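Let me begin by presenting the structure, written as structure tokens, before commenting on it.
Note that the structure is predicted; figures quoted are calculated from it, not measured.
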Amino acid sequence: MNRFPLLLEPSQLAASLPVSGQVLIIEQAGRDNYLQNHIPGSVWLDFKRLQLGTAPTPGALPSLAQLSEVFSELGLTPDTHVICSDDEGGGWAGRLIWVLDCLGHTRYSYLNGGLVAWRADGLPTATAETLPFPSEYQAELRNPDCSLSKEQILQRLGQPDFAIWDARSRAEYTGEKVISARGGHIPGAVNYEWTLGMNKARGLRINDLETFRSLLNDLGIDATKEVATHCQTHHRSGFTYLVGKILGLNIKGYAGSWSEWGNDPATPVTTGEQP
């Protein structure tokens, strides 16, 4: 049984410090921010190392060899419980959880509000960098069902048991702001920008879960459907993937995101407001 819940409050983690070797706190805040003051015992990870970084799908998973290298450096083992944190309200932390899901590693928690909430609560911090104890982790894609491809989404469009959660800004969704070759959204996708789901007055913690669930239900995103979530490069939709996991949805990441969809002239695109 996991020692920590999926959604972990800073006070719960603080009461367990220092953590044992079976617990790994991974901090994906900016490096300067991490070095300024961070959660004692947390190790820093450059979020770019969990992205492929090349067109047309910069947000896709890197190679298994790269993932093996990253997680070996961090000291991950199959028995490690990973606590995921960042300084932006859950985008990078949620993406890390998605990566762990893809690797079949289900021992993890999200630190609610991450480093922002930790500091806002006045909890202890450290400035000395924590150096991890390396392991020999071998990454395998044990759970490919964590993702949906462009081709799979094209097959599912319009089906009543399928929903798409677009985590981008309203302007990107409507096509007013164009980042790829084409602007707009996947037909049938609903838009709820990721930053609307966190409370700035409470250290970027996730909004009240039952209220969030009701809002998503009203948008047509509920537990009866397979849900694909995306943004431009599957960073912002790391947060929406995380929320879906917490709410018990059958949620999957579309890692190609709008970078792939909007740059492919063969994919259907809709502009304007959602119905």
- Connected via hydrophobic side-chain network under 4.5 Å: F212 and I246: yes

- Query: Does the side chain to side chain contact (heavy atoms under 4.5 Å, CB included) test come out yes or no for L100 and L76, once each step is laid out?
  - Reply: CA-CA 11 Å; L100 293 172; L76 185 67; 4.3 Å; yes

- Task: Please report the C-alpha distance between M198 and R205 in whole Å, then the side-chain angles of each, then the deciding distance to 0.1 Å, and finally whether the side chain to side chain contact (heavy atoms under 4.5 Å, CB included) criterion is met.
- Result: CA-CA 5 Å; M198 57 190 75; R205 286 174 169 86; over 6 Å; no

- How close do Y137 and S72 get, heavy atom to heavy atom, and via which atoms? N-OG, 2.8 Å

- Cluster check I179, V269: I/L/V/M/F/W/Y, side chain < 4.5 angstrom: no

- Task: Search all heavy atoms of G183 against all heavy atoms of T271 and return the closest pair with its distance.
- Result: O-CG2, 3.8 Å

- Verdict with reasoning, V82 to R107, per side chain to side chain contact (heavy atoms under 4.5 Å, CB included): CA-CA 6 Å; V82 181; R107 298 173 181 267; over 6 Å; no

- Item | Aromatic ring proximity H235/W194, centre distance under 6.0 Å | yes

- Item | OG1 on T57 to CH2 on W261, rounded to 0.5 Å | 14.5 Å

- Query: In terms of side-chain heavy atoms, does T125 have a donor or acceptor partner in Q36 at a distance below 3.5 Å?
  - Reply: no

- Nearest 0.5 Å please: distance from the NE2 atom of H230 over to the CD1 atom of I153. 7.0 Å

- Query: Residues two or more places apart in sequence or in another chain: which of them pass side chain to side chain contact (heavy atoms under 4.5 Å, CB included) with L123?
  - Reply: P10, A14, W118, D121

- For E172, check side chain to side chain donor-acceptor pair (under 3.5 Å) against everything at least two apart and list the hits. S169, R236

- Query: Is the H185 ring parallel, tilted or perpendicular to the Y173 ring (thresholds 30°, 60°)?
  - Reply: parallel

- Message: Are I83 and L17 linked, directly or through intermediate hydrophobic residues, by side-chain heavy-atom contacts shorter than 4.5 Å (ILVMFWY only)?
- Response: yes

- Message: Under a 3.5 Å threshold, yes or no: a donor from one side chain and an acceptor from the other, between T240 and T229?
- Response: yes

- Query: For N37, which residues count as a side chain to side chain donor-acceptor pair (under 3.5 Å) partner, sequence neighbours excluded?
  - Reply: R119

- Message: Do Y34 and W92 land in one hydrophobic cluster if side-chain heavy atoms of ILVMFWY residues count as linked below 4.5 Å?
- Response: no

- Taking atom types as modelled, is there a side-chain donor on N112 or E9 under 3.5 Å from an acceptor on the other? yes

- Regarding S63 and Q66, is there a side-chain donor-to-acceptor distance under 3.5 Å anywhere? yes

- side-chain contact (heavy atoms from CB on, under 4.5 Å) with P62: of L67, T54, V99, only one passes, and it is L67

- Answer with yes or no whether the side chains of H81 and S109 bring together a donor and an acceptor at under 3.5 Å. yes

- Query: Residues in side chain to side chain donor-acceptor pair (under 3.5 Å) with T270, at least two apart?
  - Reply: none

- Residues in side chain to side chain donor-acceptor pair (under 3.5 Å) contact with T77, at least two apart in sequence or another chain: T80

- Message: For a quick check under 3.5 Å, do E27 and S85 share a side-chain donor-acceptor pair by atom type?
- Response: yes

- Item | Which atom of W258 lies closest to which atom of I186, heavy atoms considered | CZ3-N, 3.6 Å

- Query: Roughly how far, to the nearest 0.5 Å, is the CG atom of L216 from the CG atom of L249?
  - Reply: 6.5 Å

- Query: Which heavy atom of A55 sits nearest a heavy atom of P58, and at what distance?
  - Reply: CA-CD, 4.3 Å

- Item | Closest non-hydrogen atom pair between A163 and I221, with its separation | CB-CG1, 4.3 Å

- Quick one: do the Y241 and D101 side chains pair a donor with an acceptor below 3.5 Å? yes

Could you pull out all donor-acceptor pairs under 3.5 Å where a side-chain atom in residues 39-48 meets a protein atom, sequence neighbours excluded?
{"residue": "S42", "atom": "OG", "partner": "I39", "partner atom": "O", "Å": "2.7"}
{"residue": "W44", "atom": "NE1", "partner": "A29", "partner atom": "O", "Å": "2.7"}
{"residue": "D46", "atom": "OD1", "partner": "K48", "partner atom": "N", "Å": "3.1"}

- Task: Using only heavy-atom distances, determine whether the side chains of Y254 and E260 contain a donor-acceptor pair under 3.5 Å.
- Result: yes

- Output, in order, the C-alpha distance, side-chain angles, deciding distance and verdict of salt bridge (charged side-chain N to carboxylate O under 4.0 Å, His left out) for E193 and R168. CA-CA 5 Å; E193 184 178 354; R168 298 175 301 156; over 6 Å; no

- Query: Below 4.0 angstrom, N of the basic side chain to O of the carboxylate: do R156 and E151 qualify?
  - Reply: no

- Task: Look up atom NZ in K252 and atom CG in N143, then write down how far apart they are to the nearest 0.5 Å.
- Result: 8.5 Å

- Task: Verify whether one side chain among D87 and N33 offers a donor that lies under 3.5 Å from an acceptor in the other.
- Result: yes

- Query: Under 3.5 Å, is there a donor-acceptor pair linking the side chains of T174 and E176?
  - Reply: yes

- Passing option when R202 is tested against L204, I206, N199 for side-chain contact (heavy atoms from CB on, under 4.5 Å): N199

- Task: Please round to the nearest 0.5 Å and tell me the distance separating atom CG of L148 and atom CD1 of I164.
- Result: 9.0 Å

- Query: Could you go step by step and tell me if C84 and I26 meet the side chain to side chain contact (heavy atoms under 4.5 Å, CB included) rule?
  - Reply: CA-CA 5 Å; C84 307; I26 298 180; 5.7 Å; no

- Query: Checking S237 side chain against A167 main chain: does a donor-acceptor pair fall under 3.5 Å?
  - Reply: no

- Shortest non-hydrogen separation from L50 to R95 and the atoms involved: O-NH2, 2.7 Å

- Message: Once rounded to the nearest 0.5 Å, what's the spacing between atom SG of C102 and atom CZ of R142?
- Response: 12.5 Å

- With no hydrogens and no angle check, is any side-chain donor or acceptor of S214 less than 3.5 Å from a backbone partner on E210? no

- Task: Please answer whether the main-chain N or O of Q152 pairs with a side-chain N or O of S149 as donor and acceptor at a distance below 3.5 Å.
- Result: yes

